[in-house]
Asks: 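Take a look at the following structure, please.
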Protein chains: 2
Amino acid sequence: MYSIGQLSKRTGVKVPTIRYYEDVGLVTAAGRTSGNQRRYGQPELEQLGFIKHARDLGFSIDAISSLIDLQSHPDRTCQDATDIARVQLADVRDKIRQLVALETELQRLADGCDGDGIAGECYVLAALGDHQLCDADHD
Amino acid sequence: MYSIGQLSKRTGVKVPTIRYYEDVGLVTAAGRTSGNQRRYGQPELEQLGFIKHARDLGFSIDAISSLIDLQSHPDRTCQDATDIARVQLADVRDKIRQLVALETELQRLADGCDGDGIAGECYVLAALGDHQLCDADHD
DNA sequence: ATAATTCCTCTAGTCGCTAGAGGTTCAAGA
DNA sequence: TCTTGAACCTCTAGCGACTAGAGGAATTAT
């Protein structure tokens, strides 16, 4: 049996976060000692590991809920889980695409000025004020 | 003179967001008609464009505040503005690095299962439950 | 003049936590 | 057994950057 602190150390999920997950119903309420402290077993450890991994991959709490539902209905087809992963993948690719565009512009921004000038003629400020100066391939 | 709605259309910043920016002091409070409606001129349009552009680039409200301070003190050196941009650039690169790692794993996740199986033996669910199955180059 | 649209303020909600106050329980050493 | 100190408990409030909705007033177009 693990206390919430031990569970936290083993999974890397912070204590208040575990309690938060219980609050929002992502994990089922843990058993308690006579003194009202939470106690966890192996299954809870594994489930929290699953959640941690999914959160690290950027899945929303909602998406993770769906995945957990799937786990507890193993007779349902795998399609749903794959769909959730694909949506997530598309999302990540979109973010990458956007960030790379931003990287390019920020690079030009940071390079355009050697930092020696005065703010009145600063390229960074000018570029931010005038979208024309950038490649305009971001939003 | 523009109403808040016209300003919104021209800048692409939503009406409630403009009011929010005024609330938190990012833009100075607009002038009002006798009927208490906000009215804007060209300088406000340009400043909001600046803010929009900076937000699109991922600058925080705080960072933008600093940049605006710099604009209004054009005698200060450009160094500060460049620093802000560089920090932002480092941040973006870090995010890209992380996302690319995630992309790789999600790709494998989405590919591992053709969606025809049942959830009980779904690769997505298994992979999320067992970090061993992934390249472990993310968090 | 009237009707439709836009505007106003205000409060509360979103997401995924995080921080802090004030109090209780547990585990280990003396 | 007692004591100490760490870990636990609940509860409320806060973060960033908005977004939504209620209820009402002003503006604009017909």
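Keep in mind it's a predicted model, so treat the numbers as computed, not measured. These numbers come from the heavy atoms of this one structure, side chains and all, not from hydrogens, waters or symmetry mates. A note on names: the letters A, B, ... follow the listed sequences, proteins ahead of strands, and every chain is numbered from 1.
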Asks: Would you say that A:Ile51 contacts A:Val13 through its side chain, given a criterion of any heavy-atom pair below 4.5 Å between the two side chains?
Replies: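 A side-chain contact is absent here, since even the closest heavy-atom pair is not under 4.5 Å.
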
Asks: Donor-acceptor pair, B:Glu44 side chain versus B:Gly41 backbone, under 3.5 Å?
Replies: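 Yes; at least one donor-acceptor contact below 3.5 Å.
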
Asks: What is the distance, to the nearest angstrom, from the CD1 atom on B:Ile4 to the P atom on C:dT9?
Replies: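 In whole Å, C:dT9 P lies 9 Å from B:Ile4 CD1.
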
Asks: Rounded to whole Å, how long is the line connecting atom CG of A:Asp23 with atom C1' of D:dT10?
Replies: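 Checked: the CG to C1' distance equals 10 Å.
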
Asks: Is there a donor-acceptor pair closer than 3.5 Å between any side-chain N or O of B:Gln6 and the backbone N or O of B:Ser3?
Replies: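 Side chain of B:Gln6 to backbone of B:Ser3: a pair is present.
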
Asks: Do side-chain atoms of A:Gln47 reach the backbone of A:Val27 as a donor and acceptor pair under 3.5 angstrom?
Replies: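 Checked: no pair found.
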
Asks: Give every pair of a protein N or O atom and an N or O atom of nucleotides 24-28 of chain D that lie under 3.5 Å apart, one pair per line with the distance.
Replies:
| unit_1 | atom_1 | unit_2 | atom_2 | d |
| --- | --- | --- | --- | --- |
| D:dT27 | OP1 | B:Thr33 | OG1 | 3.1 |
| D:dT27 | OP1 | B:Gly35 | N | 3.4 |

Asks: Evaluate B:Arg38 against B:Tyr2 for side-chain contact (heavy atoms from CB on, under 4.5 Å), listing each step before the verdict.
Replies: CA-CA 8 Å; B:Arg38 292 169 179 84; B:Tyr2 312 110; over 6 Å; no

Asks: Taking NZ from B:Lys52 and P from D:dC18, how many angstroms apart are they, rounded to a whole number?
Replies: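 Rounding to the nearest Å, NZ of B:Lys52 and P of D:dC18 are 10 Å apart.
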
Asks: Salt bridge between B:Lys95 and B:Asp91, side-chain N to carboxylate O under 4.0 Å?
Replies: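 Yes.
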
Asks: Just so I know, are the side chains of A:Ile4 and A:Gln37 near enough to count as touching, which here means a heavy-atom distance under 4.5 Å?
Replies: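 Side chain of A:Ile4 against side chain of A:Gln37, heavy atoms only: no contact under 4.5 Å found.
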
Asks: Using a strict heavy-atom distance below 4.0 Å, which residues from residues 24-32 of chain A are in contact with DNA chain D?
Replies: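 Contacts with DNA chain D under 4.0 Å: A:Arg32.
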
Asks: Any side-chain heavy-atom pair from A:Ile84 and A:Leu67 closer than 4.5 angstrom?
Replies: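 Yes, at least one pair of side-chain atoms sits under 4.5 Å.
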
Asks: Is any side-chain nitrogen or oxygen of A:Ser3 closer than 4.0 Å to OP1 or OP2 of D:dA7?
Replies: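 Negative; the distance criterion is not met.
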
Asks: Could you state the CD1-P distance from B:Ile18 to C:dT6, rounded to the nearest angstrom?
Replies: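 B:Ile18 atom CD1 is separated from C:dT6 atom P by 14 Å.
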
Asks: Before you tell me yes or no, could you show the steps for B:Asp56 and B:Lys52 under salt bridge (charged side-chain N to carboxylate O under 4.0 Å, His left out), namely the whole-Å CA-CA distance, both residues' side-chain angles and the distance that decides it to 0.1 Å?
Replies: CA-CA 6 Å; B:Asp56 283 347; B:Lys52 173 69 159 63; 3.0 Å; yes

Asks: Can you confirm whether B:Ile61 sits close enough to B:Tyr21 that some side-chain heavy atom of one is under 4.5 Å from a side-chain heavy atom of the other?
Replies: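 A side-chain contact under 4.5 Å exists here.
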
Asks: Would you indicate whether the side-chain heavy atoms of B:Ile64 and B:Phe50 approach each other to under 4.5 Å?
Replies: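 A side-chain contact under 4.5 Å exists here.
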
Asks: Under 4.0 Å from OP1 or OP2 of D:dC8: is there any side-chain N or O of A:Arg38 that close?
Replies: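 No, because none of the side-chain N or O atoms of A:Arg38 sits under 4.0 Å from OP1 or OP2 of D:dC8.
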
Asks: In the 5'-to-3' direction, what one-character label does each nucleotide of nucleotides 10-23 of chain C receive under the scheme B = base within less than 4.0 Å of a protein heavy atom, S = sugar-phosphate only, - = no such atom?
Replies: ------BBS-----

